[in-house]
Protein chains: 2
Amino acid sequence: MSTDGSRPLYKEVKLAITRILSAGEVGGGDAIPTEKQLSERFGVSVGTIRKAIDELVAERVLIRQQGRGTFLAPLSPERMLNYFWHIVRKDGTREVPIVQTLGFQGVPADAETAARLGIPPGAGIFRIRNLLLLGGEPVIIDDIRIAQAMFPGLTEADFVSRDTTVYGLYQSRFNVSVLKAFDRLSAVAADPASAKQLGVALSTPLLQIDRIALTFEDRPVESRRSLLLTDRYEYHNALTSEEH
Amino acid sequence: MSTDGSRPLYKEVKLAITRILSAGEVGGGDAIPTEKQLSERFGVSVGTIRKAIDELVAERVLIRQQGRGTFLAPLSPERMLNYFWHIVRKDGTREVPIVQTLGFQGVPADAETAARLGIPPGAGIFRIRNLLLLGGEPVIIDDIRIAQAMFPGLTEADFVSRDTTVYGLYQSRFNVSVLKAFDRLSAVAADPASAKQLGVALSTPLLQIDRIALTFEDRPVESRRSLLLTDRYEYHNALTSEEH
DNA sequence: AAGTGGTCTAGACCACCAT
DNA sequence: TGGTGGTCTAGACCACTTA
């Protein structure tokens with residue numbers, strides 16, 4: 001491998017490694033080739049390989065373990081809680097939610113969902129509705145939409161019986177690694193259906209969270225709308241580039 | 001400089017550089033010594049200096065400019081908008097708010113504010129209330145509390161006549177660089193005073209944002225509560241470690 | 001003991017900025 | 001032209017894991 005004059009060599013190496021991961025040959029938690037192997041394969045120094053991997057580690061795509069190797073980051077429940085779960089009890093404690101699946105349908109995508117997921121309007125999607133319990137109480141309603149093409153053969157049973165998080169399921173069953181997400185938050189009044197499911201009065205203020213989850217090359221994986229009851233829980237956001 | 005056996009050398013160097021910046025000898029936008037100078041001063045290789053600076057750049061404390069030097073990050077309006085301003089119009093466009101100062105008082109700190117700011121209860125604070133306009137309409141109410149000890153001699157005129165953001169004022173007048181912030185979001189119903197100031201009906205759902213802003217060594221700078229009207233604007237959060 | 005990533009060094013050369 | 005940071009190399013040695 002050599003630079004084409006425009007891009008630094010380590011950026012080329014980073015892209016090459018990303019393509020290997022993106023192709024799905026490597027599953028979550030699997031080791032990638034060692035730095036020495038990569039340096040020989042690409043014909044560059046180990047320092048250049050390290051710089052490419054440094055960036056992928058900073059982006060949480062890879063995990064390095066001294067003495068063991070470098071691995072495609074597994075979407076373990078622990079990692080999920082650290083990186084993609086921002087809902088915290090007001091006393092500061094964090095909990096893993098209990099999920100009750102309320103509905104699972106295969107339907108054609110409406111125009112807005114199609115645009116969000118980057119698929120043609122009318123293409124098949126799965127729509128999943130969940131009620132999430134925290135501290136034994138219903139606190140969140142989730143409405144999840146994913147493309148059937150990306151998750152072929154997914155069934156309601158997969159969702160109900162999974163022993164991991166939703167993103168862990170995407171990775172372990174379909175080799176789809178969620179790497180980033182974008183949340184848009186606003187305050188809304190509870191509609192009758194939501195109020196009933198959450199056990200609160202009509203028009204109670206709720207925190208609405210619209211999320212798009214992305215995998216490699218910023219391909220959309222999931223569009224999700226959450227409604228959060230913020231009497232005992234709130235949404236936390238750390239405005240810092242490190243030490244999450 | 002040499003390692004004490006427990007910490008890597010570049011971490012020691014990073015700490016030493018941080019202390020120089022934290023002492024306030026270097027103002028926002030000022031250059032720090034060159035990599036070569038630092039390498040001679042600390043008696044380590046340039047590579048080690050670079051690794052220390054790499055981390056400080058990743059944390060947005062420093063900014064490197066090829067051919068010019070390395071600088072303490074200035075809290076320019078542009079940077080603020082990128083890193084500490086998460087309120088976006090629903091069509092995706094970003095605006096700089098117009099600020100109207102509604103109140104400026106020097107008062108003793110209540111227990112909760114004292115705890116948040118890390119000062120003794122009863123110590124003097126400034127409390128500033130602002131109304132923020134976006135698209136010509138009132139959209140946000142801000143309630144800011146800062147320690148008088150950290151901002152000696154601050155006056156209402158400073159706030160009203162400033163030609164920069166609030167964080168830019170902290171840095172240019174008092175050498176206080178805001179480096180991180182933590183936001184806690186919840187949905188609340190508009191109380192009578194807020195409803196009147198924002199020009200909406202009583203009990204309109206509002207997005208409440210409680211922020212703590214921190215400087216070097218995680219010292220608290222500011223405690224702020226914002227109330228955001230989310231009919232045309234929303235709060236954006238990117239769950240990713242890079243490319244903000 | 002062998003293999004992995006982690007740290008540190010020394011130096012070459014390049015790209016960019018100021019003057 | 002001289003000085004800055006940016007890239008890339010080659011190699012030594014250390015810390016940790018696995019067998």
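Reminder, nothing fancy here: chain letters follow the sequence lines and each chain counts from 1. Only this structure's heavy atoms are used, side chains among them; waters, hydrogens and symmetry mates stay out. Predicted, not measured: the structure shown is a model, and the values here were computed from it.
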Is A:Thr48 near enough to D:dT7 that one of its side-chain N or O atoms lies under 4.0 angstrom from OP1 or OP2? no
Could you give the CD-to-C1' distance, from A:Glu35 to D:dG11, as a whole number of Å? 15 Å
Kindly check if the number of other-residue, nucleotide or ligand heavy atoms within 6.0 Å of NZ (B:Lys90) is above 12? yes
Nearest-Å distance for atom pair NZ/P, residues A:Lys14 and D:dT7: 12 Å
Sorted by position of nearest nucleotide on DNA chain D, 5' first, the leading residue of B:Gly69 and A:Gly47 is B:Gly69
Of the candidate nucleotides C:dC8, C:dT9, D:dG6, which contains the atom at the shortest distance from the side chain of B:Arg64? D:dG6
Cation over ring face, B:Arg60 and B:Tyr83, 6.0 Å, 45°: yes
Which nucleotide in the set C:dT9, D:dT7, D:dG6 lies at the smallest distance from any side-chain heavy atom of A:Lys51? D:dT7
A quick test of your reading: do over 12 heavy atoms of other residues, nucleotides or ligands sit less than 6.0 Å from CD of B:Glu78? no
Measure the distance from CG on B:Leu62 to P on D:dT4 and round it to the nearest whole Å. 16 Å
Kindly point out which of D:dT9, D:dG6, C:dC8 is positioned nearest to the side chain of B:Arg50? D:dG6
Check: B:Phe151 ring centre within less than 6.0 Å of B:Phe126 ring centre: no
Separation of atom NZ in B:Lys11 from atom P in C:dC8, rounded to whole Å: 11 Å
Can you tell which of C:dC8, D:dC8, C:dT9 lies closest to the side chain of B:Pro8? C:dC8
What is the separation between atom CZ on B:Phe42 and atom P on C:dC8, rounded to the nearest whole Å? 14 Å
From CD of B:Gln65 over to C1' of C:dA15, roughly how many Å is that when rounded to an integer? 14 Å
Does the side chain of A:Tyr233 come within less than 4.5 Å of A:Glu95's, by heavy atoms? yes
Going by atom types alone, do A:Arg50 and A:Ser39 pair a side-chain donor with an acceptor below 3.5 Å? no
Think A:Ser45 has a side-chain N or O under 4.0 angstrom from the OP1 or OP2 of D:dC8? no
If I take atom CG in residue B:Asp54 and atom C1' in nucleotide C:dC8, what distance separates them, rounded to the nearest angstrom? 14 Å
In whole angstrom, give the distance that lies between atom NZ of B:Lys36 and atom C1' of D:dG3. 10 Å
Atom pairs under 3.5 Å: protein N/O with N/O of nucleotides 1-3 of chain C:
residue, atom, partner, partner atom, Å
C:dG3, N2, A:Gly67, O, 3.2

